[in-house]
**Q** 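Just dropping this structure here.
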Amino acid sequence: MSFLAFILIVFSAVLHASWNLLGKRSTMSISFYTAMCITACMVWLHVQFWTPVNIFRLPREFFLFLILSVVSDICYCLGLVRAYRTMEMSTAYPMMRALPILLTALVTSLLGWGSALSPLAIAGMAVVFLGCMMMPLKDFSHFQFKDYLNRNLLFIVLVACGTTGYTILDKEAQNVFAVSCQDLNKITLSLTYYSTRSITLTSALMLLVLIWPGELKTFKNLIRQNWKMPLLAGLSASMTYTTVLLAMNYVDNASYVQVFRQLGLIFGMAGSILILKERCTWPKVIGVLLILSGLAMTVIKL
């Protein structure tokens, strides 16, 4: 992974924590996530008018990866909505970011997508995972494994599977894109893909709003009464993922993108304490130190 990719991912991590704070503060819902995606779609719609790419001439594999990525994103949305309704952000956010680290490394290794991970990189990812799982603890003396095995874990797993899915699939979709359009520079490639993905995702979410009981009314009320929050969150989220997609062009395995995005946990924890007034505990502090140590191990490998 190049230094440029590292800088891009750090920037995206700050933005990711920011829009999650906005979502948590405004009560995350399918309607809120849809309004966010509409904002992102409108911001980058102009790309479709000047990109030299004819999307409809791309290989079938591209559209397969694109559709599966959108399905994964919807799973992520549904899990995120339920998790933020029942858990504190400082608890839910670390757990949602922890599982994809191992899942992404596992899936890419099993499928042979990307370069092989070194033992040191795998160990570093495991340390980051441990730090993520430690952050939700209230204190060390009351640690019980069964505390992780509750109904909320199902929502966390749904988010994790969704995150893992769209991260890997978007990386592979861009690989197909790059092979098909070899003269295209990386920035245009990423923006074209993001714009196309946003149109597809937004269309799917709007359909979900229309058929989900009571969600259309919620969406209308949100637009009338509190449109500024999903607007700000959508702008932040769109900048987050366009940066991530660009960074993917400079890594040889999606697992590196996934693990370094955990820097957002540090910013998310700070925001949840300073803005949402949640408690700062020693497990959270130790968890942050473990995350930084694990990332350092991965950097050494690089």
**Q** If we only count heavy atoms from C-beta on, is the Ile122 to Met125 side-chain gap below 4.5 Å?
**A**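 They are not in side-chain contact.
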**Q** Distance check, rounded to the nearest 0.5 Å: Leu222 atom CG versus Ser31 atom OG?
**A**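 OG of Ser31 is found 6.5 Å from CG of Leu222.
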**Q** Side-chain heavy atoms under 4.5 angstrom apart, residues restricted to Ile, Leu, Val, Met, Phe, Trp, Tyr: same cluster for Leu158 and Val81?
**A**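 The answer is yes; both residues are in one hydrophobic cluster.
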**Q** Taking all non-hydrogen atoms of both residues into account, name the closest pair between Gln174 and Leu245 and its distance.
**A**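 Shortest heavy-atom separation between Gln174 and Leu245 comes out as NE2-O, 3.0 Å.
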**Q** To the closest 0.5 Å, what do you measure between CD1 (Ile291) and CD1 (Ile286)?
**A**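 Reported value, rounded in 0.5 Å steps: 11.5 Å.
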**Q** Between the side chain of Ser190 and the main-chain N/O of Lys186, is any donor-acceptor distance below 3.5 Å?
**A**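 A pair under 3.5 Å: yes.
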**Q** Under 4.5 Å between any side-chain heavy atoms of Ser238 and Met36, yes or no?
**A**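 No, their side chains stay 4.5 Å or more apart.
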**Q** Just verifying a value: how many Å separate Ile30 CD1 and Leu208 CG, rounded to the nearest 0.5 Å?
**A**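 Taking CD1 in Ile30 and CG in Leu208, the distance rounds to 5.0 Å.
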**Q** Hey, quick one: are Met206 and Ile67 part of the same hydrophobic cluster, counting side-chain heavy atoms closer than 4.5 Å, chains of contacts allowed?
**A**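 Not linked; separate clusters.
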**Q** Only distances under 3.5 Å count here; give the side-chain donor-acceptor pairs of residues 51-63 to other protein atoms, sequence neighbours excluded, each with its distance to 0.1 Å.
**A**
residue, atom, partner, partner atom, Å
Thr51, OG1, Val53, N, 3.3
Thr51, OG1, Thr192, OG1, 2.9
Asn54, OD1, Phe56, N, 3.2

**Q** Under a 3.5 Å threshold, yes or no: a donor from one side chain and an acceptor from the other, between Thr34 and Glu215?
**A**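 No - no donor-acceptor pair under 3.5 Å links their side chains.
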**Q** If Ile, Leu, Val, Met, Phe, Trp and Tyr residues are connected whenever their side-chain heavy atoms lie under 4.5 Å apart, and connections chain through other members, are Met42 and Val47 in the same group?
**A**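 Linked within one cluster.
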**Q** Could you tell me the separation between the CG atom of Leu64 and the CD atom of Glu172, rounded to the nearest 0.5 Å?
**A**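 These two atoms lie 11.0 Å from each other.
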**Q** Looking at Leu68, Val70, Val71, which one forms a side chain to side chain contact (heavy atoms under 4.5 Å, CB included) with Leu169?
**A**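 Only one of Leu68, Val70, Val71 forms a side chain to side chain contact (heavy atoms under 4.5 Å, CB included) with Leu169, namely Leu68.
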**Q** Assert yes or no for the condition that the ring centre distance of Phe65 to Tyr193 is strictly below 6.0 Å.
**A**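 So the answer is no for these two rings.
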**Q** Side-chain contact test, heavy atoms from C-beta onward, threshold under 4.5 Å: evaluate it for Tyr250 versus Met248 and give yes or no.
**A**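 The answer is no, as the side chains (C-beta and beyond) never meet within the 4.5 Å cut-off.
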**Q** Please step through side chain to side chain contact (heavy atoms under 4.5 Å, CB included) for the pair Leu201 and Ser198, ending with a clear verdict.
**A** CA-CA 5 Å; Leu201 176 61; Ser198 291; 5.8 Å; no
**Q** Any non-hydrogen side-chain atom of Thr104 less than 4.5 Å from a side-chain atom of Thr108?
**A**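 Yes. Closest side-chain heavy atoms under 4.5 Å.
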**Q** Just wondering, do Leu8 and Val244 contact through their side chains at under 4.5 Å, heavy atoms?
**A**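 No; the side chains remain at least 4.5 Å from each other.
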**Q** Is Leu106 linked to Ile156 within one hydrophobic cluster, defined over Ile, Leu, Val, Met, Phe, Trp and Tyr using a side-chain heavy-atom separation of less than 4.5 Å?
**A**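 Different hydrophobic clusters.
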**Q** Is it the case that the side chains of Thr188 and Asn185 hold a donor-acceptor pair, with the cut-off being a distance below 3.5 Å and no angle test?
**A**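 Thr188 and Asn185 do have a side-chain donor-acceptor pair below 3.5 Å.
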**Q** Using the side chain to side chain contact (heavy atoms under 4.5 Å, CB included) rule, take Asn175 and Lys171 through it: C-alpha gap first, then chi angles, then the decisive distance, then the call.
**A** CA-CA 6 Å; Asn175 287 345; Lys171 169 65 174 170; 3.8 Å; yes
**Q** Evaluate the side chain to side chain contact (heavy atoms under 4.5 Å, CB included) criterion for residues Met297 and Val128: first the C-alpha distance (whole Å), next the side-chain angles of each, then the deciding distance (0.1 Å), finally the verdict.
**A** CA-CA 10 Å; Met297 293 170 66; Val128 174; over 6 Å; no
**Q** Are the side chain of Ser12 and the backbone N or O of Ile9 linked by a donor-acceptor pair below 3.5 Å?
**A**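 Pair found, side chain donor or acceptor close to backbone of Ile9.
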**Q** Would Ile74 and Leu78 satisfy side chain to side chain contact (heavy atoms under 4.5 Å, CB included), going step by step from the backbone distance to the final call?
**A** CA-CA 6 Å; Ile74 292 174; Leu78 296 175; 4.3 Å; yes
**Q** For Ile199, is there any backbone N or O sitting under 3.5 Å from a side-chain donor or acceptor partner on Ser203?
**A**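 The answer is yes, because a donor-acceptor pair under 3.5 Å joins these two groups.
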**Q** If you look at every heavy atom in Ala35 and Ile223, which pair is closest and at what distance?
**A**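 Shortest heavy-atom contact: CB-CD1, 4.3 Å.
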**Q** Got a second to check how far Trp44's CH2 is from Arg197's CZ, nearest 0.5 Å?
**A**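 Answer for the CH2-CZ pair, Trp44 versus Arg197, is 14.5 Å.
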**Q** Can you tell me how far apart CG (Asn221) and CG (Asn226) are? Round to the nearest 0.5 Å.
**A**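 Output value for this atom pair is 11.0 Å.
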**Q** Should Phe219 and Ile38 count as side-chain neighbours, where that means a heavy-atom distance under 4.5 Å?
**A**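 Yes, close enough: below the 4.5 Å cut-off.
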**Q** For Ile187, does the CD1 atom sit with more than 12 other heavy atoms under 6.0 Å from it, leaving out its own atoms?
**A**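 Result for CD1/Ile187: open.
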**Q** Below 4.5 Å, heavy atoms only, C-beta onward: do Pro230 and Thr39 meet side chain to side chain?
**A**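 Counting from C-beta outward, Pro230 and Thr39 never come under 4.5 Å.
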**Q** Any heavy-atom pair between the side chains of Phe32 and Met229 that's under 4.5 Å?
**A**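 Side chain of Met229 against side chain of Phe32, heavy atoms only: contact under 4.5 Å found.
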**Q** Not counting sequence neighbours, which residues clear ring pair (Phe, Tyr, Trp, His ring centres under 6.0 Å) with Phe129? List them please.
**A**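 By the ring pair (Phe, Tyr, Trp, His ring centres under 6.0 Å) rule, Phe129 matches no residue at all.
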**Q** Determine, stepwise, if the pair Tyr33 / Asp73 fulfils side chain to side chain donor-acceptor pair (under 3.5 Å).
**A** CA-CA 11 Å; Tyr33 196 77; Asp73 207 325; 2.6 Å; yes
**Q** For Ser69, which of Thr200, Thr167, Asp170 qualifies under side chain to side chain donor-acceptor pair (under 3.5 Å)?
**A**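 So the option named by the test is Asp170.
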**Q** Establish whether Phe155 and Tyr76 are linked, either directly or via other cluster members, by ILVMFWY side-chain heavy-atom contacts under 4.5 Å.
**A**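 No; Tyr76 is not reachable from Phe155 via cluster members.
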**Q** Taking all non-hydrogen atoms of both residues, which atom of Ser109 and which atom of Ala105 are closest, and how far apart?
**A**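 Distance-wise, the nearest heavy atoms are OG-O, 2.7 Å.
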**Q** What closest approach, in Å, do Thr202 and Cys41 show between heavy atoms, and which atom pair accounts for it?
**A**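 Looks like OG1-CB, 3.6 Å.
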**Q** List the atom of Val127, the atom of Leu290, and the distance in Å for their closest heavy-atom pair.
**A**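 Taking every non-hydrogen atom into account, CG1-O, 3.2 Å.
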